[in-house]
Structures are given as structure tokens and as C-alpha cells.
Amino acid sequence: MIDLKQLRDNPARFALGAKAKNVSVDVERIIALDARKRTLQTEFEKLRAEQNRLAKEIGPQIGKLKGSIKGKHGAEADAIQHEIDALSAKPVALKAASQAIESEIATLDPELQQLLLQVPLPPDPDVPIGKGSEDNIEISRWAPPGYDLAKSFEANRGFKPRTHLQLIERHGLVSFERGVKLAGTRSYILTGAGMLLHNAILRYAFDTMVHTHGFTPMSVPVIVREEAMVGTGFFPAGREQAYLVDEKNRGGSHDSFLTGTGEVGLMGVHMDEILDETSLPVRYVTVSTCFRREAGAAGKDTAGLYRIHQFDKVEQVVICRADENESRAWHKKMIGFVEQLLQSLGLPYRLLQCCTGDLGVKNADMVDIECWMPGRGEAGPDGTPRGEFGETHSASRLYDFQCRRLNMRYRPGGAGAKGETVVCHSLNNTVAASPRILIPILEMYQNADGSITIPSALRPYMNGAERIG
RNA sequence: GGAGAGGUGGCAGAGCGGUUGAAUGCGCCAGACUUGAAAUCUGGUAUGGGCUUCGGCUCAUCGGGGGUUCGAAUCCCCCCCUCUCCGCCA
């Protein structure tokens, strides 16, 4: 949620921001509704103030009269009753007027709120303008010593690469057929060493965040209320991407949604709280199963482990003070943690500065990290894939957009301080999402004989095993 | 799944139709006393919104929403949540 006051002061900034993100939103309408609402509210409050004043003044009098009427009869009682009626008449008239205004506010407020939820956070000025992922800009790339990304896999390693699908089949790491039988398209079953490798990378990533970078380990719900989805900014725009747990139709109190990322659970932990400033920055890491409908992705990446409905992800989240420099510094750090991880695994990758059109509603800035997947992409003249970068991580910087919706604040100056509360800033980044990350691992660590070397960093999590096959 | 109890400020806990945005205690902040601290005393201490001549004024909020009433934390309805007992259960 953007700050309505800011929108009032500078509507153009939000209109332009929405345009850069290819989101259509009626800023003019919001301004008009907001102005009308405030006018009505002022009128309403004047009437209410008068009502309240009268109630205090008249109340005791009515009380006395009502007391005195007891035991009286006839004309005397009628006279007192008449006096009571006269006293109550004025507030009743005021009430009718204030209720009329109140009901007008009640009709325009839902529209205002609904429009407000649609306004995207304007991209930062240093984010390049662009339509979609095709306009993202490469910032940097890295490859381990001895591997030259400018050359083919074969030129680097001396043999033609197999795709992760071929490697999976060779070693029996995944069963797609049975996964589909069991759960439908884009489903899979990790088997044997495939499951061990999956677990190893998740544990390695999780442990690194906890023990090396000081993040607090968490386990959070993956079935959440709608408020958590709206609060974290995934709804209303991304509603189609989430699985609905239909409980209302079965007599349950409310429906729930399966989360597509641990970010929802981690950010929801402190919703509606005023955090102690000394507890900031909050640094959380979780590993959770992620569910995505992949609506609208029909026909895209249908084969293999790339685009699937259910996967597991280690996710990092930072909640910090409302300070742009601090936010930016954390963004860099959180990307740095991932670079360290990928380098320790020897996986080539590149950093992509996402353009405005690829940011989504909630981000001011986003950097994607893509790993090199030698078996991905079009086949060259000899029938071997040329290799391609594939997205494995996404680092978002959201300023206070998410925390405003979640109502997560702190009071500058510490617990005893006075003054306004301030909405926190939040950031998030993938640490490792598996099985997708298995694609570059399998493809980069394959050997000429078809076996796969296990990255040394993962061996402690695989009972010391050094290779598959 | 069955039966019951309950949701009040940072916490504990009163109030159950009228100067109650809310007693009291604890906590916290400031001041006094003190060489300093403790103890004691005094004062202060919710959140959000609107208006403002920036001195303030004002509205809403006692789980959420609606209703009754001149007036609701208090009465009525719906919803949400928590707890206890029984049953089932990884």
C-alpha cells in the first residue's frame, strides 16, 4: 500500500510510476474520492461533536426527569414526559443528519480502498524503464576459475553436456511420470540421490544464513488467511497465482491460501505490531514449501524441474528502519549472501537489474540472479543446447509498501520515546529454491562419463558422498 | 467432532446504560530527594484519522462488523479468535 498523503501531495509521481510498471490505475479518481471523503468527514465530525456535547448536557437532566416521573400520574406525569421528549428532540435531528453523511462515506470508502490497493509502489528513479523481462539489464556475471562463459560447455570441459533431464533419467533422481500420475501436470517425485541432493542444498543454504549471517531461523505457516496475502502485497494483483483452500463451502470459518513463498509467513509474523526499534533490523530465514498455480504459463517450460507447482525454498527477509540508505545497504548485503553461496558452489551466475515493467506492484527495485544452465536454451547446429541463464533468485526492495499494508511500525528513539510511529521498511531475497537450483548443479557438475560430482560444500549433507553414478 | 468459558491500554485486572479513553497495580519516561544508586514522593505514559491561524480543536477505537438508545466497554444480532474438558489423531 502506498501512502495516501504522499499520493495527495504528488499524484503525478504515482501516475507515472504506475505507467512505468504497465499497471493501469485511476489516480484522478482516487484524489476525487479522497477529497470528497475528507469534506464529508469534517461535516460529520462537526455534527458528532455537537451530538456528543448535547448528550453530556442533556443526559443527566433526562436521568433526573425520568427519576422524578416515578410515582407521578396524570397531568403532572404528562408534563414531565413532554419535557423529556423536548430535550431528546434536538439530538435526534442531529443524528439523522450525521447518519446521512455517514452512509455516503460508507458508499464511497470501499471504492477508495479498493483503488488504493491497486496503486503500485513507484519504481526508484535509478531503475531502468522497460516493458518486461526482455528489458532487464545485466549488472555483472561470475564464473568459477577455469570456466569461461564466453565459450561453450564443450570447449570448457571437453565433452558435450547432457541436459538435467538426461542426467535425472540416467541416475533415477526424479520420476516425472509418477509425479504426474499422482498429482497432475508440473508435478514430480524426487527419488534417491535426487532427494538427498535437494535436501542437502536446502540445509546448506539455511545453515549458512543462520550460522554465518546471523539470521533467525523460523518455521512459518504455508496455509494463511487472505489478510496475510493482501498484507504482503500478493493480493489482489496475484490472486490467480495462489491455490485456494476452500473451507467456507465446507462450513469452515474462512478460506485460506497456500503461500507461493516463505516471504508471506515471515512478513506476517509481526503484522499489526509496533516493533521495538532496538529489535531492528529483524532478519529471518525460513525453509518452506511453495505452491504456485503458474496460471498463464501454459506451454512455458513444461519439461523438467524448471517450472513446477510445488517446490521448497530457503527465503531471507529483512525488516529495517525507514531509511532509504539502510534499505539499499541491506539489499546489497542480501544479494551478497547469495553470491557467496553460489560461489561456494562454483555455479556461474549473473546479476540482472530488473526494469520497471518487471518489478511487479510491490517493489521499488528488484535484482534477479540467474544461474548458468548448460542444458537449457536452443540447440546449436550439432544438436547440443547452447546453454542459457535461468532465474534462480529474486531480491526485492519494497520501502514501506508491504509494512504499511501489514501495519508494522516502530517508534524512533526507543521504547520510552514519544512521537509518531513510523512504518518499517522490508526486503526479501531467495537463498535457494530447489529443485530448480538442481538444474545448474547437475548440469555444471556432470562428468564426461555421465556421472555427477557432488559439490564439496554439499558433501557434509550427503553423508560424505563425492559423486552420483 | 461433542460440551463449556472467555476476548478491556505494554502487562495484570476492575467496570456491565450517563462527566469512563477507561479505576487500581506493575512496567516505562521525566522531575524532586541523594555524592551516586536503591527506596520514597510528584507528574506523565494507547492507536489511527480529519481540521488547524501550528496554540490547539475534533472524530473513531474496550476482538471485528451491524443494531437498539438522547447516550453503549456495558443491552441485542452476526462474524473472528483464544482457552478448558471429552473424543480422534502425526
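Chain naming here is simple, since letters A, B, ... match the order of the sequence lines and numbering starts at 1 in each. If you're wondering where the values come from, they're calculated on a predicted model, not measured in any experiment.
Straight-line distance between the P atoms of B:A30 and B:A46: roughly 16 Å, to the nearest whole Å. The separation of B:G50 from B:G1, taken at their C1' atoms, amounts to 50 Å, rounded to a whole angstrom. Only the P atoms considered, B:C59 is 11 Å distant from B:G21, to the nearest whole Å. Taking the C1' atom of each, B:A23 and B:G9 are spaced 13 Å apart, rounded to whole Å. Rounded to whole Å, the separation between the C1' atoms of B:C79 and B:C85 comes to 25 Å. Nucleotides B:C81 and B:G25 place their C1' atoms 28 Å apart, quoted to the nearest Å. Here the separation of B:U34 from B:C83, taken at their C1' atoms, is 49 Å to the nearest Å. Taking the P atom of each, B:A39 and B:G48 are spaced 32 Å apart, rounded to whole Å.
Taking the six-membered ring where the residue is Trp, A:Phe337 and A:His213 present parallel rings, their angle staying beneath 30° rather than reaching 60°.
With contacts defined as side-chain heavy-atom distances shorter than 4.5 Å, the pair A:Leu347/A:Ile437 qualifies. Annotation: side chain of A:Cys403 is not in contact with side chain of A:Arg409 (no heavy-atom distance under 4.5 Å).
A donor-acceptor pair is defined here as one N or O able to donate and one able to accept, closer than 3.5 Å; no such pair exists between the side chain of A:Asn363 and the backbone of A:Met366. Checking side-chain atoms of A:Thr356 against main-chain N and O of A:Ala20 turns up a donor-acceptor pair under 3.5 Å.
Between A:Ile274 and A:Val92, the one whose closest nucleotide on RNA chain B sits nearer the 5' end is A:Ile274.
Under 4.0 angstrom from either OP1 or OP2 of B:G48 there lies at least one side-chain N or O belonging to A:Arg409.
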Summary of protein contacts for nucleotides 51-69 of chain B, nucleotide by nucleotide, where a base hit scores B, a sugar-phosphate-only hit scores S (4.0 Å, heavy atoms):
S------BSS--------B

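Listed candidates were B:G50, B:C80, B:G71. Nearest to the side chain of A:His254 is B:C80.
Counting any heavy atom pair closer than 4.0 Å across all strands shown, A:Lys248 reaches no nucleic acid atom.
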